[in-house]
Q: 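A single structure is presented below for examination.
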Amino acid sequence: MDSDSDSDGSHVSATPPRDPFPPPPRPPQPPSSKPPPPVSLKVASSSSSSSSSSCHSKPKAPNPSHKAPIQSSLPPPPSPLFTNLPFRICESKPVVFSSSVSSFARLRSRASLTTSDEKLKPDGVDCVVEPPPVIVAVNAPPKPLRRKPPNLITDTITSPPVKPPVFRTTGNGEGNFVKLNLNGKRGKKFPSKYKGVSKSRSSYAFRGKRYKKKEADGQGESLLEEDSDLQKQVEEEPNGFISSVEDAILAVKTEASDENLTKLLNLVYGYDSFRDGQLQGIKMVLGGSSTMLVLPTGAGKSLCYQVPAMIFPGITLVVSPLVSLMIDQLKHLPSIIKGGLLSSSQRPEEATETLRKLKEGIIKVLFVSPERLLNVEFLSMFRMSLSVSLVVVDEAHCVSEWSHNFRPSYMRLKASMLFSELKAECILAMTATATAMTLQAVMSALEIPSTNLIQKSQLRDNFELSVSLSGANRIKDLLILMESHPYKEIRSIIVYCKFQYETDMISKYLRDNNINAKGYHSGLPAKDRVRIQESFCSNKIRVVVATVAFGMGLDKGDVGAVIHFSVPGSLEEYVQEIGRAGRDGRLSYCHLFYDNETYLKLRSLSHSDGVDEYAVGKFLTHVFSTETKQHEKISSLVIESASLKFDMKEEVMQTILTHLELGEVQYLRMLPQLNVCCTLNFHKSSPNTLAARNTIVAAILKKSHVKQGLYVFDIPAVASSIFVATTNVLAEIQTLKMKGEVTYELKDPAFCYTILKYPREICSLSSHLTKWLTEIESCKVRKLDIMSSAAVAAINVSNTSELSFGAKQTMSLQSRILDYFNGDDKCDTPSKTTQNCAFLRADIKVFLQSNRQAKFTPRAIARIMHGVGSPAFPNSVWSKTHFWGRYMSVDFRVIMEAAQTELFNFVDRNAALAT
Ligand SMILES: Nc1ncnc2c1ncn2[C@@H]1O[C@H](COP(=O)(O)OP(=O)(O)OP(=O)(O)O)[C@@H](O)[C@H]1O
């Protein structure tokens with residue numbers, strides 16, 4: 001792996017320490033090579049300075065001017081890039097792709113299913129499943145002028161302002177908004193945002209918005225609203241500015257030279273120069289080449305689509321995995337770029353308003369979820385009247401099942417679809433965390449040529465990384481850490497943990513110890529989450545104790561430390577999360593508490609999405625059941641009951657269905673999810689009178705059964721019977737409701753789909769799917785093992801050389817991370833699970849005997865022994881058994897094998913008794 005970050009033997013960043021006035025005192029050196037948790041943390045000041053000097057001595061490559069006009073301008077080959085980041089980015093070798101998935105094929109472990117226990121469910125973890133065989137089915141250099149205020153609580157020194165970036169959005173929410181109302185505040189509507197803005201202004205006309213906070217007490221939800229003061233400011237904005245930006249845009253359109261682009265950057269954002277990788281990415285995109293951009297967290301990837309969005313005539317469509325991320329990105333658009341957002345959590349009127357603005361050409365950058373690309377109306381709008389110049393796939397690693405955050409819905413982001421359905425001219429895929437294998441999968445799906453990969457090191461070097469071994473006293477260790485230098489002086493800290501209950505418990509503990517902390521997880525109401533994030537960003541809260549749900553897209557420059565209370569599930573997750581720290585380029589501190597118990601728990605949970613061929617076969621038989629053997633018929637699968645029946649999590653079912661839609665053969669077409677069971681109550685006209693003049697009502701009467709005077713029917717069945725879309729049926733009953741004719745209730749959320757092709761053989765299809773899902777499951781387990789191995793290696797670094805222990809820990813972790821992203825996924829610490837256990841089979845036997853009434857599969861037994869619930873064997877019931885979680889330290893596959901043998905014996909014995 002090629003990294004210059006450690007070249008001078010120092011782990012510490014070239015950047016100034018977070019508290020340069022005066023520099024922070026050095027933390028005490030640990031006396032031994034295995035210091036107790038908090039004590040193991042170090043700040044190696046000497047190495048800091050040496051690193052710093054190394055950075056300064058690094059020659060800055062000249063900014064090559066690029067004279068080619070846009071159309072013909074192909075980017076120059078990756079060159080030793082200059083860097084003007086406040087931190088260094090180490091250029092890494094281009095990825096050499098090998099045989100893709102094969103390296104994971106050898107990873108075999110037996111899979112299991114899921115936990116449904118919210119308490120033990122890692123927050124925000126995605127569905128990913130995995131491997132194995134069959135199962136018997138019994139059933140930049142610092143820029144002094146740009147230095148921001150130090151991140152120390154005690155520090156009151158304010159830094160010089162960064163330039164008057166009149167049009168640059170600020171981190172505290174000023175930005176360019178189409179008003180959002182994503183948090184359920186029903187009363188608010190999209191304002192007519194352009195009121196007052198001179199019609200004569202060009203499509204780039206400036207407009208101001210502000211992220212309005214309701215009250216200082218933080219009670220209110222944050223809404224993006226028209227702000228009259230800001231609007232006035234817009235009105236007063238000298239036309240000269242607008243025309244300078246327009247001139248700068250025109251100049252770039254004529255010639256996308258470094259000089260012209262930098263001028264535009266300076267005008268719109270107030271920045272003097274591009275950061276490493278930005279110019280290269282922007283030019284590539286402007287040249288019309290689909291590009292894969294891999295830059296570290298906080299490196300400024302967004303700018304690489306924002307600048308082209310100003311230049312391109314058509315829309316820039318940004319596909320993003322999370323609504324919160326979209327909101328954040330929308331918020332940070334420079335005012336000159338008009339943005340909009342479409343999400344399922346919007347009210348229909350809001351979405352309609354956004355669509356109107358799109359059609360009118362008001363919106364230049366539109367943020368959408370991948371699911372939106374399923375929506376036929378949305379797609380047809382693009383086919384008919386809108387031109388898409390650029391599709392941006394943000395967090396592009398989600399496209400790949402080999403990433404830490406695979407999203408089945410991202411599977412539909414295939415280049416063929418983006419080019420044919422959206423008529424996209426160019427694709428820009430961006431990520432900070434992708435291994436070589438993930439990159440290969442993403443680039444192949446998006447048809448990005450390997451020459452169009454811009455990849456810098458995926459790790460900034462302004463982190464001081466440390467790990468300590470912890471145990472039962474982890475929470476106390478955390479407190480000790482937070483009360484010691486340098487953490488006690490840091491103004492903004494994020495503590496990451498795995499489980500929702502931990503966020504409450506830890507934040508309370510910290511508050512009890514006079515640390516201003518708040519818990520944050522996806523289970524909190526949206527408005528509370530917004531409020532906590534805002535309070536954190538405005539420094540009203542010092543510490544946020546959060547699950548993975550917090551932080552994606554968080555661009556708070558002065559987060560000075562990230563502490564991992566639990567080991568992350570992968571190095572990608574670790575890098576993403578520490579990436580919230582030090583975005584201002586200052587040295588930041590990242591500590592990880594490693595404990596065996598959490599590792600084992602997470603390893604067990606890694607099996608929670610696993611499936612057996614038997615279950616997949618049953619599921620497929622249902623999906624392609626003879627009942628629905630009618631082309632174009634709308635079929636539905638009620639999520640809750642199917643989940644129970646096949647003992648599969650919703651996400652797993654969705655993954656399978658998505659694969660059936662987007663795999664090599666398209667077996668079906670997914671339709672929007674909906675509540676399929678409708679109960680209708682007629683109020684005014686009699687049902688028959690209405691049916692006589694309304695075909696949909698007639699079909700409803702035919703397909704309903706009447707229960708206590710109410711008509712209960714299945715929406716897809718009604719829609720199929722008269723060959724209309726389910727949405728038409730829904731729209732009709734809504735209309736009848738508005739006329740006072742009916743009231744209705746909907747229940748049973750379901751997957752809806754239309755079969756396009758029946759598989760010739762369910763068996764081979766289920767075997768193929770199980771193999772694929774099993775590989776994903778193994779991949780997940782392996783990612784955790786690699787993370788754990790990296791943490792253990794850092795704990796075990798020897799304390800013998802001249803380097804400080806802290807420096808060595810940082811170096812150890814850095815090199816593991818960089819090797820990992822470059823394709824060398826070292827896992828030299830053997831998994832801590834054991835391969836055999838004397839009493840296992842005997843216990844399984846007892847377990848089976850005492851639970852004769854239940855139908856188990858080997859996987860179900862292994863899950864119970866690992867303390868992992870699943871839809872059919874929920875924690876609420878099975879955690880009461882004496883065997884629950886008893887064999888967590890035994891390899892999951894070993895338990896499955898033992899369970900299989902015992903199940904055979906059990907069946908044989910019962911059969912013998914019966915005869
Ligand atoms: N050329 C530049 N000079 C100075 N600051 C910049 C430059 N480009 C971007 N930034 C700033 O860097 C910060 C991070 O940018 P951005 O959010 O785009 O990072 P990112 O790469 O998307 O990070 P993440 O992957 O963590 O979301 C923003 O505040 C942005 O304004």
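Counting convention: from 1, in listed order, for ligands and their atoms alike. Values in this document were obtained by computation on a predicted structure and should not be read as measured data.
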Q: Of Gly270, Ala432, Ser302, which has the heavy atom at the shortest distance from atom 18 (O) of ligand 1?
A: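 Nearest heavy atom to atom 18 (O) of ligand 1 lies in Ser302.
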Q: Can you say whether the rings of Tyr574 and His564 are parallel (under 30°), tilted (30 to 60°) or perpendicular (over 60°)?
A: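 The arrangement is tilted - the two ring planes meet at 30° to 60°.
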Q: My understanding is that we take every heavy atom of each candidate and find the minimum distance to atom 7 (C) of ligand 1. Doing that for Tyr269, Tyr271, Tyr305, which one comes out nearest?
A: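 Looking at heavy atoms only, Tyr271 sits closest to atom 7 (C) of ligand 1.
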Q: Before you tell me yes or no, could you show the steps for Tyr496 and Glu573 under side-chain hydrogen bond (donor to acceptor under 3.5 Å, both in side chains), namely the whole-Å CA-CA distance, both residues' side-chain angles and the distance that decides it to 0.1 Å?
A: CA-CA 11 Å; Tyr496 278 111; Glu573 207 176 304; over 6 Å; no
Q: Please work out which of Lys301, Gln306, Arg275 has its closest non-hydrogen atom nearest to atom 10 (N) of ligand 1.
A: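 It is Arg275 whose heavy atom sits nearest to atom 10 (N) of ligand 1.
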Q: Salt bridge check: are Lys253 and Glu246 linked by an N-O gap of less than 4.0 Å?
A: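 Salt bridge absent between Lys253 and Glu246.
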Q: Starting at OG of Ser400, measure out to OH of Tyr410 and round the result to the nearest 0.5 Å.
A: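 Separation between the atoms: 13.0 Å.
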Q: Under 4.0 Å from any heavy atom of Phe274, which atoms of ligand 1 are there?
A: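 Result: 1 (N).
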Q: Can you check whether Phe536 and Phe550 have ring centres sitting under 6.0 Å from each other?
A: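 That pair passes the under 6.0 Å test.
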Q: So if I count the atoms of ligand 1 from 1 in the order they appear, which ones are less than 4.0 Å from some heavy atom of Pro296?
A: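 Here the atoms of ligand 1 in question are 21 (O).
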Q: Check if Ser273 has a non-hydrogen atom at a distance under 4.0 Å from any atom of ligand 1.
A: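 Yes; Ser273 lies near enough to ligand 1 that a heavy-atom distance drops under 4.0 Å.
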Q: Which is it for Arg580 and ligand 1 at heavy atoms under 4.0 Å: side chain, backbone, both or neither?
A: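 Only the side chain of Arg580 comes within reach of ligand 1.
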Q: Considering the options Arg583, Arg460, Gln576, Glu577, which one meets the side-chain hydrogen bond (donor to acceptor under 3.5 Å, both in side chains) requirement together with Thr297?
A: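 Going through the options one by one, the only one that passes is Arg460.
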Q: Of all the heavy atoms in Gly298, does at least one lie under 4.0 Å from an atom in ligand 1?
A: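 Per 4.0 Å heavy-atom rule, Gly298 contacts ligand 1.
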Q: Between ligand 1 and Gly579, is the shortest N or O to N or O distance under 3.5 Å?
A: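 By distance alone, the answer is no.
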Q: How many angstroms lie between CG in Leu317 and OH in Tyr305, if you round to the nearest 0.5 Å?
A: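 These two atoms lie 11.0 Å from each other.
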Q: Heavy atoms only: which of Arg583, Gln278, Arg460 lies closest to atom 27 (O) of ligand 1?
A: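 Shortest heavy-atom distance from atom 27 (O) of ligand 1: Arg583.
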